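Letters A, B, ... mirror the listed sequences (proteins, then strands); counts begin at 1. Owing to the predicted nature of the structure, the values given are computational and were not obtained by experimental measurement.
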Number of protein chains: 2
Amino acid sequence: MFVNLLTNPIMADKAYFTYKVEPQSLDFTSRLKSPALIMSALNAAGADAHNKGFDYVDMEQDDNTWVLSRMAIEVSYRPRQYSDYEIETWISGYNRLLSTRNFRIYDEEGKQFAKMTSQWAMLNVKTRSAVDLTRTADVHDKYMVQEEPPCAAPCRLRGVAEGEEFRHTVRYSDIDFNRHMNTIRYVEMIFDHLPIDAIAEDRPFRLDLHFLHEAVLGEVLTIATKEEEGKLLFEISTVENPCVRAALCWL
Amino acid sequence: MFVNLLTNPIMADKAYFTYKVEPQSLDFTSRLKSPALIMSALNAAGADAHNKGFDYVDMEQDDNTWVLSRMAIEVSYRPRQYSDYEIETWISGYNRLLSTRNFRIYDEEGKQFAKMTSQWAMLNVKTRSAVDLTRTADVHDKYMVQEEPPCAAPCRLRGVAEGEEFRHTVRYSDIDFNRHMNTIRYVEMIFDHLPIDAIAEDRPFRLDLHFLHEAVLGEVLTIATKEEEGKLLFEISTVENPCVRAALCWL
């Protein structure tokens with residue numbers, strides 16, 4: 001079902017992007033915030049797709065846009081202020097619904113400190129339905145790299161029923177060019193609900209994320225949290241729909 | 001009272017930093033968000049100070065840190081996705097309390113679309129008192145550039161009494177390495193309270209900002225807004241202290 005290099009003998013190159021840990025992306029530990037790290041990875045994904053000619057901009061002409069569906073990231077440690085880090089990214093395969101994009105992230109000594117895998121759907125913004133990705137084979141097949149995802153695929157996540165007294169109204173600075181709540185804002189809401197001591201210690205973690213529904217300007221979000229089998233579970237919802245589910249475990 | 005090039009014949013160079021409008025920094029107009037633009041300018045300020053050896057990192061050894069006191073920015077238009085922009089920054093003078101850092105910001109055709117001036121104090125984090133900047137003359141004098149600020153200095157701002165039903169609790173993702181609410185988060189709160197139509201039109205504006213008091217983790221902020229003489233006035237406060245005052249006018 002997945003197209004991979006066995007069916008696709010053309011070898012593509014991975015893409016590399018270098019970022020610097022700038023003051024505005026630090027948390028109180030003087031290390032790069034995890035949401036900022038994820039933001040860099042998503043920016044690298046966008047830039048790679050853009051450079052290869054199948055990004056949002058080009059898709060838009062066709063009313064199609066990439067939508068992040070699921071991702072998992074494992075972070076061993078976070079780099080310090082003004083150090084450089086390099087993001088390596090590649091597509092390893094796709095099926096009718098999802099394209100898999102991977103990331104390895106290295107510090108300035110070349111040591112890997114984070115790895116990530118993500119699954120993207122292509123959405124037609126007019127019909128609001130998913131595009132069959134086998135129709136993108138001509139572009140997709142050209143850019144796949146024969147290397148498996150560096151960490152386990154995003155795990156299954158069920159709903160979290162319990163609530164918490166936290167409400168967030170989606171505002172201008174939360175929304176992206178699609179007028180939806182920006183991915184990173186959900187990630188920040190999750191990190192805002194982690195034990196601050198664990199962040200202070202820079203504990204290694206794995207975070208799984210599912211993006212289910214897009215909140216829009218003015219909607220009120222609540223976050224439910226639960227601890228189960230050593231995992232911290234999160235669900236961010238509008239009044240009507242779950243938007244994001246997440247599970248975080250310490251490694 | 002201000003040390004300037006008349007008293008300082010040594011000529012320094014301006015510094016230049018190039019940024020790209022990445023997907024995560026777009027708003028719904030597919031243009032660079034103004035808070036993200038201000039963030040880039042502050043990152044450029046930090047990087048320039050770092051490169052010249054008088055940044056936070058070095059100051060910390062001495063228990064001293066730079067604190068942004070006031071700034072004014074004028075934005076003619078905002079660049080679009082994936083375009084590059086260049087930030088030119090220089091210090092034009094200082095007195096006992098404040099150092100003036102300026103910015104001109106150019107699009108990829110070299111056209112200036114924003115200008116900014118900012119005033120910084122140096123704070124001793126142990127005594128919580130301002131450092132006399134004439135004591136930094138040896139470093140400061142070396143790096144001043146003989147060019148006046150590109151726009152009028154930050155204007156006087158008085159308090160805003162009226163309130164609004166908006167509350168924001170300072171959380172992990174809001175705080176910086178100093179454990180204070182990040183400057184950009186205040187700026188975002190202000191943009192979240194602007195008329196969305198004006199943002200949609202990409203209307204030119206001038207924004208003046210005063211930073212009065214630093215909110216910390218767990219504090220609850222409220223924002224008061226008022227229209228007066230064609231200006232939109234804002235005050236963000238904790239229960240006890242005004243933190244930020246701002247005035248925005250359309251140009």
(message) Nearest 0.5 angstrom please: A/I175 CD1 to B/K33 NZ, how far?
(response) 8.5 Å
(request) Under 4.5 Å heavy-atom distance to chain B, tell me which part of A/I196 shows up: side chain, backbone, both or neither. (result) side chain
(request) Counting only heavy atoms closer than 4.5 Å, note whether B/R80 contacts chain A via side chain, backbone, both or neither. (result) neither
(request) Hey, could you give me the CG/OG distance between A/N178 and B/S30, rounded to the nearest 0.5 Å? (result) 8.0 Å
(message) So B/M189 and A/R171, do their side chains get closer than 4.5 Å, heavy atoms only?
(response) no
(request) Measure the spacing between CD of A/Q24 and CG of B/L42 and express it to the nearest 0.5 Å. (result) 5.0 Å
(request) Any chance you could measure B/K20, atom NZ, to A/F17, atom CZ, to the nearest 0.5 Å? (result) 9.5 Å
(message) Could you check whether atom NZ of B/K231 has more than 12 heavy atoms from other residues, nucleotides or ligands sitting under 6.0 Å from it?
(response) no
(message) B/S173 and side chain to side chain contact (heavy atoms under 4.5 Å, CB included): which single residue from A/D192, A/I190, A/I184, A/D27 fits?
(response) A/D192
(message) If I measure from the heavy atoms of chain B, does A/N182 come under 4.5 Å with its side chain, its backbone, both, or neither?
(response) side chain
(request) Would you mind reporting whether B/L194 and A/Y172 have side-chain heavy atoms less than 4.5 Å apart? (result) no
(request) Could you pull out the closest heavy-atom pair between B/P23 and A/N43, with the gap in Å? (result) CD-OD1, 3.4 Å
(message) Please verify the inter-ring angle class for B/Y82 with A/H50; under 30° counts as parallel, over 60° as perpendicular, anything in between as tilted.
(response) parallel
